[in-house]
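The figures that follow rest on heavy atoms only: side chains count, while hydrogens, waters and symmetry mates do not. Because the structure is a prediction, the values reported are computed rather than measured. Letters A, B, ... mirror the listed sequences (proteins, then strands); counts begin at 1.
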Amino acid sequence: MPDAPPVAVNSLPLKERMKIVRVRMPELEPEVRARSFDEVNLGLADAAAVTEAARCLACARPGCQTVCPVGVKIKQIVALIYAGDFLAAARKMREDNSLPAITGRVCPQESQCEGGCVLGRKGQPVAIGNLERFIADFERQSGQPALPAVAPSTGASVAIVGSGPAGLSAAGDLIQMGHRVHVFEALHELGGVLIYGIPEFRLPKAIVRQEIDNLRRMGVEFETDVVVGKSVTLDELMRVEGYDAIFVATGAGLPVFLGVPGEHLNGVYSANEFLTRVNLMRAWRFPEFDEPVYDCRDRDVIVVGGGNTAMDAVRTARRLGARTATLVYRRSEAEMPARAEEVKHARREGIEFRMLTAPVEFLGDTNGWLTGARCVRIELGEPDASGRRRPGPIAGSESILPAHVAIIGVGTTANPLIQSTTPDLATNQHNYIVADPETMRTSKRGVFAGGDIVTGGATVILAMGAGRKAAKAIDQYLRAG
Amino acid sequence: MFRIVTARTAGLNIRQFTVEAPRIARKQRPGQFVILRLHERGERIPLTIKSADPAAGTITIVVQAVGKTTSLLNCLEAGDSILDVVGPLGQPSEIRKYGTAVILAGSVGTAMALPTARALKEADNHVVFIQGARSRGMVVFEDEVLAASHEAYILTDDGSFGERGLVTTKLNDLLAAGRKLDFVLAVGPVPMMRAVAQITAPLGIKTMVSLNSVMVDGTGMCGGCRVLLGKQSKFACVDGPEFDASLVNFDVLMQRNAMYRKQECQALKSFEQHKQEELAALRAIAAHPAPEEDRHA
Ligand SMILES: Cc1cc2nc3c(=O)[nH]c(=O)nc-3n(C[C@H](O)[C@H](O)[C@H](O)COP(=O)(O)OP(=O)(O)OC[C@H]3O[C@@H](n4cnc5c(N)ncnc54)[C@H](O)[C@@H]3O)c2cc1C
Ligand SMILES: Cc1cc2nc3c(=O)[nH]c(=O)nc-3n(C[C@H](O)[C@H](O)[C@H](O)COP(=O)(O)OP(=O)(O)OC[C@H]3O[C@@H](n4cnc5c(N)ncnc54)[C@H](O)[C@@H]3O)c2cc1C
Ligand code: SF4
Ligand code: SF4
Ligand code: FES
């Protein structure tokens, strides 16, 4: 890897800058990581980050920034990295993005910031995600996280329901504005999908925990083991417990099954269950941890779906020792919604891809254990409403894919626990909460909502963006009513 | 942390605990349950709320030791703490005036059915409580059963207490005597619930069973607890745990409950060898709560 060029960014001629090749993210060897839950990406060294920053053309109209959903000031941050002032870069980042160590790792950069980078038109875009991760990790390891100042107390208190990225980012902003903030979480651990869904090898839990600790140090209160709607209702939170406003950020956590015969066989999982057992309950460390998961060693595992969830499940199965780990997706690779980097990593870990294939039935033995999936081949027809070509089965194309474990990762939908106990909270026909896209207000006075519970399953950064908007709107509401 | 206020043995391998859980105590309805996790390395298991005292902020649970987690829990005493208790979960029992309501319960099922029996009695039903147990030592809460019912019967498999026989023996007796039964609730092992359903479904008697499927989160998020009702899939933790017995596919329930048998046996065996260490570790963690990875960092 070349050393950092010893010049200020603007003095390096454009031509020279464009000659620098995109710095490669060092990663664990595929053979090692396919057996380990350690993080795959190892992070950039200081010099490598500076070199990568040197590639930025400092565009007059930075395309990267307009497509970042929260408008991170990428150009200025990259310049600060180039100048070697990593802590200043991290501070600048936090003006728009309070969880950079997380988004740097999990944002679908290819369709967001890096997708908008001008360098990507002819060659490789600036590795914005890797740089973002770098400054966040640097700041964390420096032991001097720049905790933002907290305004004097306003006397108002806000309840936040759900501790995923939407809830956490709203909490961070509201506490800075001087409000009392209390976060309720149904599970025993904070972080939402960041904890129970996204595996350790992509997003180490210690990172999520540190961000939560920072919020705690700023004064945010957290209460786990409270299922709002069951343990306490929204009305009780306002009337009995005295919260002045509520932000509902409960995500889209309900698993969707395929509805094909055989889904009750032992060995058929929703991706949520499989990932929750492994990540939240640490079943990958059974028997040291008590929660079990199917013993995948030397077994055949198929995972249905093409998004991040399916990709996480199939790579997790591989790490649990699966003999074969196969991704079954009904469209083609080009249509897969998963992050490009994960697809690349998965391939190198020996994941098999069966594109244009869909299970129509799960088959089992007489004791109810899965033995395989009957699948059809799919052809793509005319584009549908989503602009993607509509899949349809090819007659007579059935075949049987042997499997001991099948994991369904085809999507999730709204959890109804709050909606069903709050009659005056308007929902749409799919049971998502209806909220104004700008003010995040719901039909119920004082109640705001955002993240996946409003939009349906989306991304971490969009959920965070919703949390920030909600914090602003709640602040206005608390001041003006 | 949820502190255990009182702990006592109620029968063979069956213990009763009163636990501080003010939020749950305020909201609990008959038929609902909690999910608890004993310590940082523990699994989440569901347990029915037997009673709640909103003023004292406590709930009472009854636990039969069958595997590792329930065995460890049953070693705890007053003053110990449970790391996580969440609830109340599930749909409450549907309490109406049915007429004559029969409750059939197998040992620990008695504790699970008691709150519903009480509520049915308060709703002016004639409550018949039939308790079954393998033998004398597993007959529990006789006084509370008497108080919650108008008629109570106890049967043991070996005849060591009450009448000899199964709960279904008594159910058949009642039917043979021409009693008109308007509602039946069965809570216990799957074969027992299935046997009850086979008797009452052809007679068109409304019958509910409380399904003990394997659960993780208890909030509808994982789908691991799914049960088959006719052709429909339902999640026991949010749609149940009580379901119309005539629709339940008991074979699928039994098959799914056997999913982790291998791991469960391994865990129990290892627990029996390291009981004291496990208990000491739990108490040490309770004294210094911190996420597991942090402690090793
Ligand atoms: C396996 C997986 C991998 C993913 N990978 C990526 C990725 O690489 N990049 C990316 O950008 N996005 C990814 N996503 C999507 C992303 O994680 C979500 O869009 C995002 O987490 C949504 O945030 P949220 O705050 O709205 O909800 P969530 O993260 O779902 O958090 C909601 C929280 O609310 C809690 N809750 C729910 N109901 C209640 C209640 N009644 N009372 C109290 N608490 C409640 C839940 O337990 C949960 O903790 C992935 C999703 C999954 C499932
Ligand atoms: C909604 C609900 C409410 C429940 N309420 C109670 C309650 O109030 N008191 C109580 O003691 N239990 C109750 N249970 C059952 C309890 O959750 C299980 O016994 C417990 O999870 C077992 O955990 P374990 O780790 O000790 O045993 P595991 O290692 O999980 O199981 C050990 C063995 O016991 C078998 N087993 C599991 N559950 C049962 C069962 N219910 N009856 C007989 N054998 C079983 C398993 O198949 C396995 O072979 C309830 C279950 C549900 C779903
Ligand atoms: S938040 Fe996401 S999209 Fe925005 S700059 Fe960072 S990695 Fe790119
Ligand atoms: S678009 Fe690319 S080159 Fe231009 S400022 Fe953004 S990162 Fe730099
Ligand atoms: S226990 Fe997870 S959905 Fe019921």
Side-chain angles (χ1 to χ4, degrees), chain A residues 186-189 196 200 204-206 209 213 223-227 229-233 236 240 251 253-257 259 261 263-267 269-277 280-283 285-295 364 367-369 408 412 415-417 420, chain B residues 2 21 23-24 26-27 32 34-45 67-69 72 83-90 216-228 231 233 235 238 249 251-256 258-260 262-264 266-267 270-271 291-294 297:
Chain A
L187 295 172
H188 57 257
E189 200 168 339
Y196 78 72
E200 180 78 17
K205 298 200 187 329
R209 198 170 290 133
D213 282 346
E223 189 175 347
T224 50
D225 297 325
V226 180
V227 184
K230 286 283 181 187
S231 316
V232 62
T233 61
E236 287 164 339
V240 184
L254 231 62
V256 172
F257 284 90
E263 266 180 330
H264 283 80
L265 290 165
N266 288 359
Y269 282 106
S270 75
N272 267 8
E273 183 186 359
F274 187 74
L275 291 171
T276 298
R277 283 180 179 273
L280 178 72
M281 306 307 299
R282 319 287 199 270
R285 289 167 67 181
F286 181 90
E288 188 195 342
F289 280 65
D290 291 340
E291 193 83 47
V293 67
Y294 188 104
D295 186 353
N367 294 320
W369 290 85
I408 321 282
T412 53
N415 190 320
L417 291 180
S420 63
Chain B
F2 297 78
R23 282 193 186 281
I24 306 172
R26 278 200 290 275
K27 298 288 284 183
Q32 290 188 300
V34 294
I35 285 198
L36 59 76
R37 189 175 73 129
L38 293 177
H39 55 77
E40 292 291 355
R41 282 171 290 105
E43 62 181 344
R44 296 169 63 103
I45 65 158
K68 172 171 178 180
T69 302
L72 178 58
L83 188 55
D84 297 288
V85 183
V86 61
L89 301 172
V216 186
D217 57 297
T219 65
M221 184 267 272
C222 77
C225 64
R226 63 193 185 277
V227 291
L228 204 52
K231 282 197 173 357
S233 197
F235 291 180
V238 285
N249 186 323
D251 289 333
V252 163
L253 178 64
M254 280 217 260
Q255 160 220 313
R256 289 187 60 79
M259 171 116 185
Y260 299 104
K262 197 178 92 184
Q263 288 96 329
E264 286 161 358
Q266 183 189 346
S270 143
F271 171 74
E292 204 271 348
E293 278 89 351
D294 289 358

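- Contacts between B:Arg23 and chain A at a heavy-atom distance below 4.5 Å involve backbone atoms as well as side-chain atoms.
- Chain A forms more heavy-atom pairs under 4.5 Å with one residue of B:Glu43, B:Gln266, B:Gln32, B:Lys231 than with any other, namely B:Glu43.
- Shown here are the ring-ring contact (aromatic ring centres under 6.0 Å, His included) partners of A:Tyr196, two or more places apart in sequence or in another chain: there are none.
- A:Leu254 has its side chain within reach of A:Pro416: a pair of non-hydrogen atoms, C-beta onward, lies under 4.5 Å apart.
- Only the backbone of A:Val293 comes within less than 4.5 Å of a heavy atom in chain B; its side chain stays farther off.
- When the salt bridge (Lys or Arg N to Asp or Glu O under 4.0 Å) test is applied to B:Arg256, no partner is found at least two apart in sequence or on another chain.
- Between A:Lys205 and A:Glu189 there is no salt bridge, since none of the side-chain N atoms of the basic residue sits less than 4.0 Å from a carboxylate O of the acidic one.
- There is no contact between B:Val34 and chain A, counting heavy-atom distances below 4.5 Å.
- Neither the backbone nor the side chain of B:Phe271 comes within contact range of chain A; no heavy atoms are under 4.5 Å apart.
- Interface remark: of the candidates B:Met254, B:Arg26, B:Arg44, B:Arg44 forms the most heavy-atom pairs closer than 4.5 Å to chain A.
- With respect to chain A, the highest number of heavy-atom pairs below 4.5 Å among B:Asp251, B:Leu89, B:Val85 belongs to B:Val85.
- Of the listed residues (B:Leu228, B:Val238, B:Asp217, B:Val252), the one with the most heavy-atom contacts under 4.5 Å to chain A is B:Leu228.
- Ring orientation note: the planes of A:Tyr269 and B:Tyr260 are tilted relative to one another, at an angle of 30° to 60°.
- Only the backbone of A:Asn367 comes within contact range of chain B, judged by heavy atoms closer than 4.5 Å.
- The contact between A:Leu417 and chain B is made entirely by side chain atoms (from C-beta outward), counting heavy-atom distances below 4.5 Å.
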